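As the structure is a computational prediction, the values presented were derived from the model and not from experiment. Side chains included, hydrogens not; waters and symmetry mates left out as well; all remaining heavy atoms used. All residue numbers in this chain count up from 1 along the given sequence.
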Amino acid sequence: MALLSTRRARAAHRRLPRPALRRPLRAVRPPRVSAVVPCYNEADGLATLHQRLSASCQAVVGNDYEIILVNDGSADTTWSIICALCQDDPQTVGIDLSRNFGHQHALTAGLSRARGELVFMLDADLQDPPELLSPLLERIRDGADIAYGRRRLRHGESWFKKTTAFLYYRLLDRLTDTRIPLDAGDFRLMTRRSVDHLLAMPEHDRFMRGMTAWIGFRQDPVDYDRAERNTGATGYPLGKMLRLAMTGIIGFSDRPLRMAIHLALFCALLAVGILCYAVGSWLLGYAHRGWLSTIGSILFVGAGAFFFIGMLGQYIAQIHRQVQSRPLFIIRELRRHDGID
């Protein structure tokens with residue numbers, strides 16, 4: 001009887017409907033181009049940016065692209081406009097950071113979410129034209145891993161900014177061992193492998209144009225004239241420009257520290273010369289007391305000492321921030337056409 005009941009149970013089990021087999025999910029193919037745009041208080045120009053950037057991408061790769069707009073803690077309606085663009089356009093992705101982390105970190109946040117085989121980096125102010133995507137892509141097709149925009153003219157900028165930018169790029173080139181392209185910002189097109197190497201670099205104080213130069217590979221320029229800003233105010237006032245300049249020098253050069261040794265040797269030689277002059281004057285009988293030269297020497301040496309103490313402090317501060325290992329950014333919300341991630 002037990003054997004018979006076991007057979008009946010097996011037969012009944014065979015008649016039960018089997019659950020449908022789950023098909024393995026197909027991997028979503030990454031888009032050909034990802035465009036990453038950091039945005040800070042860019043409400044007035046976002047619609048124009050999106051229109052021109054979409055047209056430029058469609059002209060090159062059809063609909064095989066995505067646009068990633070990163071809201072870097074804007075105080076205006078930038079995020080609400082980004083949400084509306086995401087709702088209307090399935091190619092647009094919005095990232096809202098928890099606060100203002102700065103341009104370089106916002107750019108890193110966008111790169112971390114970019115899935116494209118090529119990644120197009122540009123600012124939201126339209127000074128760097130999205131239409132330059134096509135000639136940048138030609139450089140990639142010719143074998144470059146990174147194609148970057150090199151500024152010929154800078155329309156709408158003050159003589160002070162033009163002069164300081166010109167001098168800074170030349171000074172940076174002299175100080176660093178890494179050859180950072182002159183007159184080039186973060187406007188560039190990069191292959192997937194170069195972006196992956198860039199994201200693997202753990203710097204907290206990020207100087208993206210220097211980091212991309214450090215990666216190596218073949219990097220080709222495309223010359224263009226930088227347009228005047230049409231709307232809004234620049235996100236890089238003098239204070240932020242100076243901090244970014246200091247980050248670039250400290251992050252890619254230890255020569256300021258070595259300059260302290262050279263200055264110390266110079267001051268030592270100067271002190272020996274003054275001592276020899278004082279002894280000689282005393283032996284020849286025309287020694288005179290000069291407090292001005294004494295005070296001048298003290299001020300000269302003191303100014304040099306304080307300068308390099310400050311420079312050393314900047315290096316230590318950067319080490320301190322790196323050791324803290326805090327995240328580079330915090331994403332509050334990620335918005336797509338089909339909802340919130």
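- For Asp128, the side-chain hydrogen bond (donor to acceptor under 3.5 Å, both in side chains) test picks out Tyr224, Arg226, with sequence neighbours left out.
- Using modelled atom types and a 3.5 Å distance limit, the side chains of Glu333 and Asn71 yield no donor-acceptor pair.
- Applying the side chain to side chain contact (heavy atoms under 4.5 Å, CB included) criterion to Ser56, with sequence neighbours excluded, gives Pro130, Leu133.
- Asp145 is linked by a salt bridge (charged side-chain N to carboxylate O under 4.0 Å, His left out) to Arg193, counting only residues two or more places apart in sequence or in another chain.
- For Asp64, the salt bridge (charged side-chain N to carboxylate O under 4.0 Å, His left out) criterion is met by Arg29, not counting sequence neighbours.
- Applying the ring pair (Phe, Tyr, Trp, His ring centres under 6.0 Å) test to residues at least two apart or on different chains, the pairs with a partner in residues 107-147 are Phe120-Phe187.
- Residues meeting the side-chain hydrogen bond (donor to acceptor under 3.5 Å, both in side chains) test with Tyr65, sequence neighbours left out: Gln58.
- Under the salt bridge (charged side-chain N to carboxylate O under 4.0 Å, His left out) criterion, the residue pairs touching residues 95-105 are Asp96-Arg332, with sequence neighbours excluded.
- With hydrogens and angles ignored, the 3.5 Å screen pairs a side-chain donor or acceptor of Glu66 with a backbone N or O of Arg115.
- For the pair Asp125 (side chain) and Gln127 (backbone), a donor-acceptor distance under 3.5 Å is present.
- Under the salt bridge (charged side-chain N to carboxylate O under 4.0 Å, His left out) criterion, Arg32 pairs with Glu117, not counting sequence neighbours.
- Remark: Gln219 engages no residue in a side-chain hydrogen bond (donor to acceptor under 3.5 Å, both in side chains) (not counting sequence neighbours).
- Residues passing the side chain to side chain contact (heavy atoms under 4.5 Å, CB included) test with Asp76 are Asn41, Ala43, Ser74, Thr78, sequence neighbours excluded.
- Between the side chain of Asp72 and the main chain of Phe101, a donor-acceptor pair closer than 3.5 Å is present.
- Contacts of Thr92 classified as side-chain hydrogen bond (donor to acceptor under 3.5 Å, both in side chains), with partners at least two apart in sequence or in another chain: His50, Asp89.
- Here the closest heavy-atom approach between residue Leu328 and residue His105 is recorded as O-ND1, 3.0 Å.
- Residues that satisfy the side chain to side chain contact (heavy atoms under 4.5 Å, CB included) test with Pro135, not counting sequence neighbours, are Leu132, Val222.
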